There are 4 protein chains.
Amino acid sequence: MPATLLNVRLLAVTPNALELIYAAFRQCYHAGYVGDMWDGLMAGEPPREKQAAFVERILASGHDSPVEHVSFTFAIEGVSRTLTHQLVRHRIASYSQQSQRYVDASDFDYVLPPSLAKIPEAKARYEAFMAESAACYRELQAMLAAKGRKGQTSNEDARFVLPGGVESKIVTTMNCRSLLHFFELRCCMRAQWEIRALADRMLALCREALPVIFATAGAKCARLGYCPESERFSCGKYPARPA
Amino acid sequence: MPATLLNVRLLAVTPNALELIYAAFRQCYHAGYVGDMWDGLMAGEPPREKQAAFVERILASGHDSPVEHVSFTFAIEGVSRTLTHQLVRHRIASYSQQSQRYVDASDFDYVLPPSLAKIPEAKARYEAFMAESAACYRELQAMLAAKGRKGQTSNEDARFVLPGGVESKIVTTMNCRSLLHFFELRCCMRAQWEIRALADRMLALCREALPVIFATAGAKCARLGYCPESERFSCGKYPARPA
Amino acid sequence: MPATLLNVRLLAVTPNALELIYAAFRQCYHAGYVGDMWDGLMAGEPPREKQAAFVERILASGHDSPVEHVSFTFAIEGVSRTLTHQLVRHRIASYSQQSQRYVDASDFDYVLPPSLAKIPEAKARYEAFMAESAACYRELQAMLAAKGRKGQTSNEDARFVLPGGVESKIVTTMNCRSLLHFFELRCCMRAQWEIRALADRMLALCREALPVIFATAGAKCARLGYCPESERFSCGKYPARPA
Amino acid sequence: MPATLLNVRLLAVTPNALELIYAAFRQCYHAGYVGDMWDGLMAGEPPREKQAAFVERILASGHDSPVEHVSFTFAIEGVSRTLTHQLVRHRIASYSQQSQRYVDASDFDYVLPPSLAKIPEAKARYEAFMAESAACYRELQAMLAAKGRKGQTSNEDARFVLPGGVESKIVTTMNCRSLLHFFELRCCMRAQWEIRALADRMLALCREALPVIFATAGAKCARLGYCPESERFSCGKYPARPA
C-alpha cells in the first residue's frame, strides 16, 4: 500500500474539435447549412487559422455556448477521496468512479500530502496510520464475514474506517464550457492543492489538444483582470477588485 | 422559397465509443486503472463482443450513467421553428441555432406538413400564405430601414411575422443517456409528427454508429412493456399500464 | 385578437429566503448544525441586517452556490413565441408553456413591436397580417377537420402559419443563481428588446422580494466593470474590456 | 466524539405547492392565464381535491415536468462523508456542505454502521479506531502548526486521515422531479443502508408536506411493477423484469 502520484490519461476528445466549434458558431450567423460546409472544413476550407481567429473573436465577446459541442474524457488515478468528493460537485459533467462497495480495499494505496511529506515525523505518523487503517478495515471485514456478511456487504461497512487520503480512480467527461469554468475555480491558488494539481494537469492536456480554446484558460483572475477573493485570501498575483 | 425536407448529418461521435463506455463501467467495479487497460482495449483485448455483452448486461439492470461519456453531434436543417422550440426544451444538450436576428429571412424556406400536402386546396392556401409572410417581412424591413433601423435591428422586429413553419437550422450535441431519454419521448406515436421524424432519423444514425447502446432504443413503451399514456391517447401498440 | 402587453406575476418564492441562504452559507463554515440554528433565525437571531451583511460579503468573493437554495416562480403572459424560444434556452430552469397543440389559436392575441407601433403604416400592415394569419389558421383547421382531423390534430398542423409574434403564456421557475445569470445576459442592451423588458420586470420583482441578492443585479457589465461586447456592439455605458 | 444519528429537518418548501403545480399543468392546456386564476386557487377554487385529481391523472401519464416548480430544502446532520459523497452525485440539486477545511475536526462525531454495532468486538474496534483517527488528526495539525501552517491550511491536510465514517452536515435543495428520481434509486433495497435511511426519512417529510406527489413515491420497482435488477441482486419484493 504505497503512496501514489496523480496520473491523468486523456481517453477521448470529440474529433475535429476546432472545425466542430467553428461550424456551430457559424450556424448561428449563416444562411447556409453547416452540414453542407462540413466536407470543405475537413479539407481545410477555410484554413484552420481563419477558423481559429473567428472562434477566438466570438469567444472574447462572451458568447461561449458553442464550445459545449466538444467534450474531453479523462481517466484519473492517484487521487484521494477527499479530492473526488470535491470533483463530483461539478454538476455539468459525467463521472464513473471506483466503488468502495464492489472493490476490496484491504491493501489500498493512498495520497501523501506534500506538507506532511516534508516533515519526517509527520510522514512517519501518516504512513503508520494508513497501515493501521488498512489493518482495521481487514479486521472488520473478517468480523462481518464471520457473521455471514461477505464481499460487498462487508466492504460497504468496513469502508467507514477508510481515511480521506485513500486513493480513488475515476473517469470524467466535461464539455469545454464546463472545463473552462472548472479551471477558473480550481486553478486558483485558493483551491485545495490536490484538486489544483489535477486541474493544472487537465488544463495542460486540453491546451495540447485544443489550444484555440484553452491557451489562455486558467484561474478566473486572468480573465477578470482582478482577484475576486477578499484581500485576506488573495494570493496577490492580481490586484483586488476595483471599488 | 421552396418547401424543404428534413436533413440530418452526423458531424461527430466520441471516438472509440464502445471501448470508452466499457472502460467507464469497468472503472466502477475494478481494482485496476482503466488508463492502463486502454491500450489493450484499442488492440481488441477483451474482444469487442465481450465488451458489448458486459455493457448490455449492466445497462439492462438500469445503471446507465456511464453511457454519458459518449456524445453525438448532429447538424439539422429542413425543420420548422415549431420543431426547434420543442427540441430546445431538452435541457441536457447543447444547441447552436441559426439566428433570426443575424440571418435575413427575406426568402425563407418552409416546412409543409404532410397532412396539408395531401389536401390540394390546403397546400395551395399554405403556400400562398408563406409567400405573403415573406412579402410582409420584406415590407416591414423596408419601413424600418427607412427610419434608420437596418440589418439585424430590422430583422429582429420584422421576424415577428415569420410563421412557425419557417425553416431553421440547428447544431445539437447530446450524450447517449440524454439521447435515450429523447428517443423515449419523441419516438412515441404521441409526439408531434415532425419531431418524431427527426428523432427517428437521429436514432437511425445512432444505431448505425453504436448499436450496442441504440439497437433496442425507441419510445418508452418498448422498455416498459406497456403504454403509460391514457387509453384515450394510446396508439394501441402496447397494452395499457397494468393496474 | 388585440395586441397584448407583457404581464408578469410572481407566484412563489421560497419562504424565509434570506434566512435560508444565510443558513446554507453558515453550514459550510460552522461546526454546529443549522437545523438547530433555524428557530433562532426565525426569531431574528442573529438580526436580519447581520445575516444580510454576511451573505453580501461572501457573495462578493464569488462563492454563490448557496443562493441556489431559493427559487422564484413567475407566471408570464403577453410575450411572443419569439421570446419564449429564447427564454427556454436557459437550461437551469423549469418551464410549463401553453401548448399550441392543445390550445386553439383561432383568435390569438399578439405582441406588437414598439418599433412598428411608431410607424403608422408598419403598424397597419402588421395588424392586417396578424388578422390574415388567424384567418388562414381557421381555414386550414376547417380543411383538416373536413378530412377527419379535429381538435389537437388539426391545431398541431394549422399552427405552422402562426407568426412568431403570436402571444404565449408560460410559467417558469429559476433559482437565484440562475436568475443572476439570466439578468447578466438579458438585462444587457444587446439583448433583444422583448426579452430585456421581461428580464427587467422579473428583476424588479426579485429586488422587491430579496434585495440582499438582487439589489445590484443586472447586465454583466455592472459586475465586470467593463463591457465584454466588441466595440461595434457595445452600448457605451461601460468602457471596453481593458487590454 | 460520540456516534451520531441521522437527523433531517425540512427548512423550506415552495409555498402553495399543490396550487402551483396545478397552475403550471393548467397553463399548458388552458387558453387563459394562470396569473389570473391564482387568486381563485388561493381561495380554494377549484377545491383542492379537484386540483389533486387533475395533477394525479396527468402525472400518471408520465408528464411530470410541472412538478419541478416545487422544491424542498433539507438540513441534514448525523450522516457520514461516505453518504455525502454518494448524495452529491445527484446533479439536479443544490448543496451546501460543511467544509473539512474551514471547520476543525479535532473532536469529530461519527456514524456507527448497525452491522458493526451488533458485534461487540467490532463495535469496540471501530470506536477505538475513531478515537485513534482523531488523535492522529490532532497530532498532524500540531506538527503542521509548528511549521507555520495553522487553521485551515493545517485542517486541509490533516483531514486526509479522517475516516469515511466521520460525521458531516449538509443542506440540500431538490425539486420534486429530482426527488422522485432520488427516491426511485435510493429507497431501493439495493441502495447502501445509510443513504436509504436518509431517503426514507426525506420521503416521509415529503409525503407529509405534499401527499399528492409523494404518496406512492419510492423505489422504482413500485412504479415499474417489476424489479430491474438482475436476479442475483433483487430483494425479491417484485418479480424480475418480464422477458
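First the proteins, then the strands, lettered A, B, ... as listed; each starts at 1. It should be emphasised that the depicted structure is a prediction, and the values quoted were computed from it without experimental measurement.
- If you measure heavy-atom distances from A:Leu20 to chain B, the contacts under 4.5 Å come from the side chain alone.
- The residues B:Arg138 and B:Asp107 are annotated as not salt-bridged, no charged nitrogen and carboxylate oxygen being separated by less than 4.0 angstrom.
- Residue A:His85 holds its NE2 atom at 12.0 Å from CD1 of A:Ile195, rounded to the nearest 0.5 Å.
- Ion pair A:Glu184/A:Lys220 not flagged as a salt bridge, since none of the NZ, NE, NH1 or NH2 atoms sits closer than 4.0 Å to an Asp/Glu carboxylate oxygen.
- Panel note: side chain B:Gln141, backbone B:Asn155; no donor-acceptor pair is recorded below 3.5 Å.
- Note on B:Gly78, B:Ala75, B:Gly35, B:Cys28: by heavy-atom pairs under 4.5 Å with chain A, the leading option is B:Cys28.
- Heavy-atom pairs under 4.5 Å with chain B peak, among A:Tyr33, A:Tyr102, A:Phe74, at A:Tyr33.
- For chain B, the nearby parts of A:Asn7 are the backbone and the side chain; heavy atoms of each come within less than 4.5 Å.
- Per-residue heavy-atom pair counts under 4.5 Å with chain A were compared for B:Glu77, B:Met174, B:Gln152, B:Arg26, and the maximum is reached by B:Glu77.
- Most heavy-atom pairs under 4.5 Å with chain B, from the set A:His30, A:Met42, A:His69, A:Arg101: that is A:His69.
- Per-residue counts of heavy-atom pairs under 4.5 Å with chain B were compared for A:Ile92, A:Asp39, A:Val70, A:Val34; the largest is that of A:Asp39.
- Between the side chain of A:Tyr95 and the backbone N or O of A:Leu87 there is at least one donor-acceptor pair closer than 3.5 Å.
- A:Ser99 touches chain B through backbone and side chain together, each having a heavy atom under 4.5 Å away.
- Counting heavy-atom pairs closer than 4.5 Å to chain B, the top-ranked of the candidates A:Asn16, A:Ile76, A:Asp36, A:Leu10 is A:Ile76.
- For A:Glu68, the parts lying under 4.5 angstrom from a heavy atom of chain B are both the backbone and the side chain.
- Under 4.0 Å is where a charged nitrogen must lie from a carboxylate oxygen, and between A:Glu167 and A:Lys169 at least one such pair does.
- With chain B as the partner, the residue from A:Gly32, A:Ala93, A:Ala31, A:Ala12 showing the most heavy-atom pairs under 4.5 Å is A:Ala31.
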